[in-house]
There are 2 protein chains.
Amino acid sequence: MKRLDDDASRAWQLLMRFFFSQRSHLPSCAADIRLSPVQCHVLHLIEPGQAMPMSRLARTLSCDASNVTGLVDRLEREGLIERQSSPEDRRVKVLALTPAGSRLRSELLRRVTDRPQPLARLTPEERKALVRILEKLFDQHVETSD
Amino acid sequence: MKRLDDDASRAWQLLMRFFFSQRSHLPSCAADIRLSPVQCHVLHLIEPGQAMPMSRLARTLSCDASNVTGLVDRLEREGLIERQSSPEDRRVKVLALTPAGSRLRSELLRRVTDRPQPLARLTPEERKALVRILEKLFDQHVETSD
DNA sequence: TATTGTTATACTCTATAACTATA
DNA sequence: TATAGTTATAGAGTATAACAATA
């Protein structure tokens with residue numbers, strides 16, 4: 001008996017699989033400075049010149065605030081990001097890339113797309129289709145930036 | 001200046017993001033028995049009636065063998081899988097689902113696709129397209145089952 | 001000699017609970 | 001009273017190196 005949702009199930013399996021198979025590949029992109037997958041992701045999420053409150057990071061990562069504290073501690077210790085107190089609400093701390101963090105982030109992005117990687121095996125049209133579908137996947141639960 | 005690989009970069013970002021945003025959702029699927037994301041994934045990877053050598057699991061997860069030892073210890077402690085010595089090569093240990101593991105695996109698969117989840121927001125055609133593209137992504141580095 | 005899996009060790013990741021400081 | 005972030009704690013995830021058993 002073939003279920004209606006076979007494709008959904010298969011897609012889910014492949015998405016998870018993609019992540020776990022790429023995990024080890026990922027930090028090797030930043031061979032110079034050892035970064036864990038989550039740390040790479042955080043660096044990726046913080047855009048240059050656009051501060052990100054810690055609470056928003058916790059929501060985006062779907063994790064507890066206490067976890068973000070540790071993550072930020074380590075990235076700050078590496079000199080890649082820094083905490084800044086928000087003038088509007090003094091409880092809030094916003095994260096910003098340091099020059100070094102900004103540089104490493106660009107480097108990461110460059111390497112991810114440069115290499116002979118799985119994504120390179122797709123045609124440009126397929127990449128576009130993939131992006132469109134994934135963006136639809138996120139339409140409703142992108143971080144509520146309130 | 002717009003790079004040629006903008007879509008690849010965007011796709012990569014979205015794929016990582018999908019994983020991190022789904023992480024917390026995932027174990028709540030197995031609300032009764034607390035399983036971590038990796039544990040869910042391992043349970044997903046071991047198909048009923050089809051034994052999997054530990055070394056293959058390490059390759060599929062792109063992680064060290066010592067890590068698999070710990071993962072398997074915990075899943076075995078929960079009574080979900082079991083180690084069996086391979087008769088052909090006595091160094092090898094193969095993993096098999098227990099009846100309980102098999103039951104939980106089905107339950108997981110069912111819940112993943114049943115719920116009002118991101119994947120449900122795609123049209124059937126989009127799900128098919130997504131699966132096709134992701135499968136192509138894996139064409140060359142599926143586990144070499146030697 | 002090379003490979004499979006384990007152990008010991010040392011991190012990082014993660015959640016829970018209790019806390020401080022703001023609002 | 002509620003929210004943002006921290007601390008303390010405990011456990012899971014992960015890699016490295018050294019090891020045992022087998023090939």
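Within every chain, numbering begins at 1; the chains are lettered A, B, ... in the order of the sequence lines, protein sequences first and strands thereafter.
Residue Thr69(A) places no side-chain N or O under 4.0 Å from the OP1 or OP2 atom of dG5(D). Checking the phosphate oxygens (OP1, OP2) of dC13(C), a side-chain nitrogen or oxygen of Arg74(A) falls inside 4.0 Å. Taking side-chain N and O atoms only, Arg83(B) has no distance below 4.0 Å to OP1 or OP2 of dT4(C).
The minimum heavy-atom distance linking Leu130(A) with Ala11(B) is given by the pair CD2-CB, 4.0 Å.
Taking the six-membered ring for Trp and the full ring otherwise, the centers of Phe19(A) and Phe18(B) sit at least 6.0 Å from each other.
Computed from coordinates, the Gln39(B) CD to dA15(C) P distance equals 14 Å when rounded to whole Å. Across the protein-nucleic acid pair, Asn67(B) atom CG and dA12(D) atom P stand 13 Å apart, rounded to whole Å. The nearest whole Å value for the distance from the CE atom in Met52(B) to the P atom in dT4(C) is 15 Å. Going from atom CG of Leu57(A) over to atom P of dT3(D) covers 19 Å, rounded to whole Å. Summarising the geometry, the separation between NZ on Lys93(B) and P on dT3(C) is reported as 19 Å, rounded to the nearest angstrom.
A salt bridge between Arg121(A) and Glu126(A) is absent, with no side-chain N of the basic residue lying under 4.0 Å from a carboxylate O of the acidic one. Between Arg111(B) and Glu107(B) there is a salt bridge, since at least one side-chain N of the basic residue sits less than 4.0 Å from a carboxylate O of the acidic one.
Atom CG of Leu104(A) is separated from atom CD1 of Ile81(A) by 12.0 Å, given to the nearest 0.5 angstrom.
Not a single donor-acceptor pair, N or O on each side, falls under 3.5 Å between the base of dT14(C) and the side chain of Ser66(A). In terms of polar N and O atoms assigned as donor or acceptor, the side chain of Arg90(B) never comes within less than 3.5 Å of the base of dT22(D) in a complementary pairing.
Closest to the side chain of Val92(A), out of dT12(C), dG5(D), dT14(D), is dG5(D). Among dT22(D), dG5(D), dT14(C), the nucleotide with an atom closest to any side-chain atom of Met54(A) is dG5(D). Checking dC13(C), dA23(C), dA23(D) against the side-chain heavy atoms of Arg91(B) singles out dA23(D) as nearest.
Looking at heavy-atom distances under 4.0 Å, Asp64(A) makes contact with a base.
Nearest-nucleotide positions on DNA chain C for Leu61(A) and Ala65(B) put Ala65(B) closer to the 5' end.
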